[in-house]
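In the text below, chain A, chain B and the rest are named by the order of the sequence lines, each starting its count at 1.
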2 protein chains.
Amino acid sequence: MARRSEKQDPAQELDARKAAILDAVVTEHIDTAQPVGSSSVAASQAVGVSPATVRSEMVALEREGFLSQPHTSAGRIPTDRGYRYFVDHLRQGTLGEAQQVTVREFFNSVHGEIEDVLEQTSTLLSSLTQYTSVVVGPSHTHATIRSAQIVDLGPTRALVVAVLSDGAVEKRTLELDLEVSVIDVADASSQLNALLVGASLDQRVELPSREGAVAELIRRSTAAIFEQTPTIDGDQVFIGGSSRVADAFETVDTVRSVLGILEQELVVVSLLRDIMDKGLTVSIGSELGFESLSACAVVVAPVSIDGVPAGAVGLLGPTRMNYPEALATAQAVSEELAHRFGGEEKRRG
Amino acid sequence: MARRSEKQDPAQELDARKAAILDAVVTEHIDTAQPVGSSSVAASQAVGVSPATVRSEMVALEREGFLSQPHTSAGRIPTDRGYRYFVDHLRQGTLGEAQQVTVREFFNSVHGEIEDVLEQTSTLLSSLTQYTSVVVGPSHTHATIRSAQIVDLGPTRALVVAVLSDGAVEKRTLELDLEVSVIDVADASSQLNALLVGASLDQRVELPSREGAVAELIRRSTAAIFEQTPTIDGDQVFIGGSSRVADAFETVDTVRSVLGILEQELVVVSLLRDIMDKGLTVSIGSELGFESLSACAVVVAPVSIDGVPAGAVGLLGPTRMNYPEALATAQAVSEELAHRFGGEEKRRG
DNA sequence: CGTTGGCACTCGGTAGAATCGAGTGCCAAT
DNA sequence: ATTGGCACTCGATTCTACCGAGTGCCAACG
C-alpha cells in the first residue's frame, strides 16, 4: 500500500483548484445548509472546470478528509477539517458598515460598571451575529487591594469588604461565634485596611500573631478574603443570546446538550481561556474537545490590555456558521473593549 | 338557546364523576404525554364506570372547556382550564423522602454569600425536578445603609461603596472631571458615611448645600448611589437548568421562544413578582400572559420573611408538568430559604 | 494525460394506496 | 342513567412506485 502521503500530512496545502472547490462547497453549504453537488460547484466563478472534473477532485478531497458524503448519491458537506482549511485560508474580512456603526454607537453610549458593560456587550454580540456570545471579563488576580473594611451587620455578623484597584469589590460575610463590640469592629477594620492596602489577591499577607478579639477578627477577615474565591479567579462570565442555540440546530437533543455545556460556566471559561492566548481563533467541532459541542464552532477574540490577554469575547454557532462575519465582529468588539479598558488603565496611570 | 349555565360559570365545580374522569385524564396525560382514551380512563380505580359512560362525560367536559381532542378519533388531552381544575383540586402533597433528605442536606452544607446560596438553590431545584428553576432574591428596597465610603482609584476615578444592612454591597464608579486629592477623598468619604448611615435606598437624603471639591464629591456620590439602580429594585435573579427546556418540548421553535423569555430576566422577575403575593401558586399556559409561554406552566412559591413575601422560587415546565412534585419541591425549598433568611433576620435584630 | 460529456446506477425523498387500530359517537337494550 | 355493541373516522404505519439529484466510471477528445 505505498501511496502518496497526501493523506497523512497534517499541514497539507491544497492545490489552487482543490482549494477553490473546497471553498465553494463550504461557502454554499454555509449558505444553504444542504449537501453541495458537483454541478453547483462547477458553476462557481472561481472553479471554472466541468462538473465531472469537480467530482473527481471531490473524491480526492473526501479521501483526504475535507469533505464527506451523508450518503451515496448525495452532495458533499465539509468535515471539521474542511471547515478548518476554509478558516485558515480566509482572508481577513472587515465588518459591514452598518455593524461598524452599531458597534461604535454602542460603545459611545454604554456606561456604568464594568460588569454591566460586559453583560450588555454580550447582548450586542449576539444581536449582531445571531449567535450565542460569551464574554469573559478580566480576572483580577493582579489587582491590588485599595481599601478593606469590616462592617458591623449585627451582634454576630460582620461583612468584610475589599475594594480592588480595578474597581471590583469583594465581600465576605463573617458569622461570629461571640459578640463583638462596635468599637472592636471599627478597630479591626482600620487595622485590616492598613494591613491589606497594596496587597494583591494572590499573595499571602503576614499577620502579626497577637491575641484577643480584634486580632481574631482580623485573622478571620483576612482568611475570608484570601481563601474563599467565589468564582474561580474571580472570573466574570456573561452569556448572551443563549436562545439562539435553538436557531442553530435542528434537533432538540443537540440544543439540549449545547445548553448543558453553556450552563457550566466553569467549562465555558476554561474553554475560552485555553483558546484565547492564541489570538483571534476559531475552534471547530471536535477541536473543542467536548462531545456535546461536536456540532459547534467557536470564534474567540482575546481582549488584550497592555498586550496581555485579560479577557475574551466568543461567539458560538453551528460548524456551518458565518466565519468571516463572526471573526470580524468578535475582532471589532474585542478591540473596542480593549480600548475601553486600556483607556481606563492609562487614566489610572 | 336557554341552556343550563354549566358552560359560563367560571368557578364551576364538577360532579364527583366528572372530576374523577378529568383527574384520570390529566394524570395519565402527564405521565404519557399522549392523548388519553376512554378505556384507560375507565380502567382507573376512581372512576368505576364503563368506557361508554366515560365517553359521554368526556363530550361534556370538552364542551365545558376542560378537555380537547387533537383530532377526531383520538383521545382527549387537558386544556389549560383542565389543568387549572386539576391543580385547584390537588390535595397538598408532600415531598418524597429522598428529596427531603437532599433538600435538608443541601441547606445544611451550603454556605457563603446570599447570592451564592440562591444560585446554588436554583441548581438544586432544577436537579430535583428536572425543570428549569428561577430564584428571585429579596430586594433590598427596605435595607438601610450600614456603611458608605469613597475609595480613590486613580487621579480621576473613585469608587463609591455602600454596604447595606442585609449584607448587600452597592458600588458605583465615579469618573471625575478634575483631579481630587487623596485627602479630599478621605474627607468626603467620612462625611458621606456619616451622612448616609441609617438611610434606606428608597429615600432621599438631605444634602448640606456647601461649595467646594469635597462637597461636590459627596453630592455626586450620593447621586450615584440613589439614582443609578443597576437592576430594577436591585433584584437578584438566578435561573437554573435552562437546558431542561429542551427536555420539556418537542420542537426547537418552542424551545427557542421559551429561552427567549428566560433571557429577559426583567420579564421573568416581574412575572414572579406578580404571582408571588398570592402564596404558593401555579400559572398555566395562557394564564401567564405570554404567547411564548403558552406551552408552559410555572409553579411559584414565595419566600416570606416575617410574613412578607420577599423573594420567590419558581419552577417552569411544560403544562403537562408533574404539579404535585413541583409544588411540594417549591414549597419545601422556599420554606428552607425563608428559614435561613428569617434566622439571619432574627440574629441581627 | 488531464479534461470532459455521456451514461448507468444509487438512494433518499415524496406521493399514493392499502392497511391497521385506537378511539369515537350513536343507539338500542337493560 | 348505564352499558355493550357497532359502524365510522382518521392518524399512523407500511409498502410500492417513482422521481431526480448526484454520483462513479469510462471512453473520447484536444
Side-chain angles (χ1 to χ4, degrees), chain A residues 3-4 6 14-22 24-29 31-79 82 250-251, chain B residues 4 6 14-22 24-79 82 250-251:
Chain A
R3 273 203 191 251
R4 297 266 179 68
E6 55 181 5
L14 298 173
D15 63 66
R17 197 168 66 186
K18 279 208 182 77
I21 291 173
L22 179 55
V25 171
V26 173
T27 306
E28 183 165 338
H29 181 69
D31 194 43
T32 65
Q34 298 296 323
V36 181
S38 56
S39 56
S40 57
V41 170
S44 155
Q45 194 59 35
V47 175
V49 288
S50 76
T53 312
V54 171
R55 279 202 288 281
S56 68
E57 292 287 50
M58 278 172 141
V59 182
L61 283 168
E62 182 167 2
R63 182 164 20 91
E64 295 162 39
F66 294 98
L67 295 178
S68 74
Q69 242 177 337
H71 54 82
T72 331
S73 90
R76 303 304 207 290
I77 59 176
T79 60
E250 313 262 292
T251 67
Chain B
R4 297 267 178 67
E6 55 182 0
L14 298 173
D15 63 67
R17 196 169 66 186
K18 278 209 182 79
I21 291 173
L22 178 55
V25 171
V26 174
T27 307
E28 182 164 338
H29 180 69
I30 284 176
D31 194 43
T32 64
Q34 298 296 321
V36 181
S38 57
S39 56
S40 57
V41 170
S44 156
Q45 195 60 34
V47 175
V49 288
S50 74
T53 313
V54 170
R55 280 202 286 282
S56 70
E57 292 287 49
M58 279 173 140
V59 181
L61 284 168
E62 183 168 359
R63 184 165 18 94
E64 295 162 37
F66 294 98
L67 296 177
S68 73
Q69 241 177 336
H71 54 83
T72 331
S73 90
R76 303 304 207 291
I77 59 175
T79 60
E250 312 262 291
T251 67

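Each of A:Ser73 and B:Ala52 was matched to the nucleotide of DNA chain D holding its nearest heavy atom; the match closer to the 5' end belongs to B:Ala52.
Listed candidates were C:dG25, D:dT23, C:dT4. Nearest to the side chain of A:Met58 is D:dT23. Checked against C:dT3, D:dC25, D:dC6, the side chain of A:Arg17 finds its nearest nucleotide in C:dT3.
In this structure, B:His71 atom NE2 and C:dG21 atom P are separated by 17 Å, rounded to whole Å. Regarding B:Ile77, its CD1 atom lies at a distance of 14 Å from the C1' atom of D:dG11, rounded to whole Å.
Against DNA chain D, the stretch residues 31-51 of chain B makes heavy-atom approaches under 4.0 Å through B:Val49, B:Ser50.
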Taking only distance into account, with no hydrogens and no angle test, what donor-acceptor pairs under 3.5 Å do side-chain atoms of residues 70-77 of chain A form with protein atoms, sequence neighbours excluded?
unit_1	atom_1	unit_2	atom_2	d
A:Arg76	NE	A:Glu62	OE1	2.8
A:Arg76	NH2	A:Glu62	OE1	3.0

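B:Thr53 and B:Ser50 form a side-chain donor-acceptor contact under 3.5 Å, judged by distance and modelled atom types alone.
Neither OP1 nor OP2 of D:dT23 sits under 4.0 Å from any side-chain N or O of A:Thr72. At the phosphate of C:dT24, OP1 or OP2 sits under 4.0 Å from a side-chain N or O atom of B:Arg76.
Side-chain contact between B:Ile30 and B:Val26: present, with at least one pair of heavy atoms (C-beta onward) separated by less than 4.5 Å.
Looking at A:Met58, A:Glu57, A:Arg55 one by one, the single match for side chain to side chain contact (heavy atoms under 4.5 Å, CB included) with A:Val41 turns out to be A:Met58.
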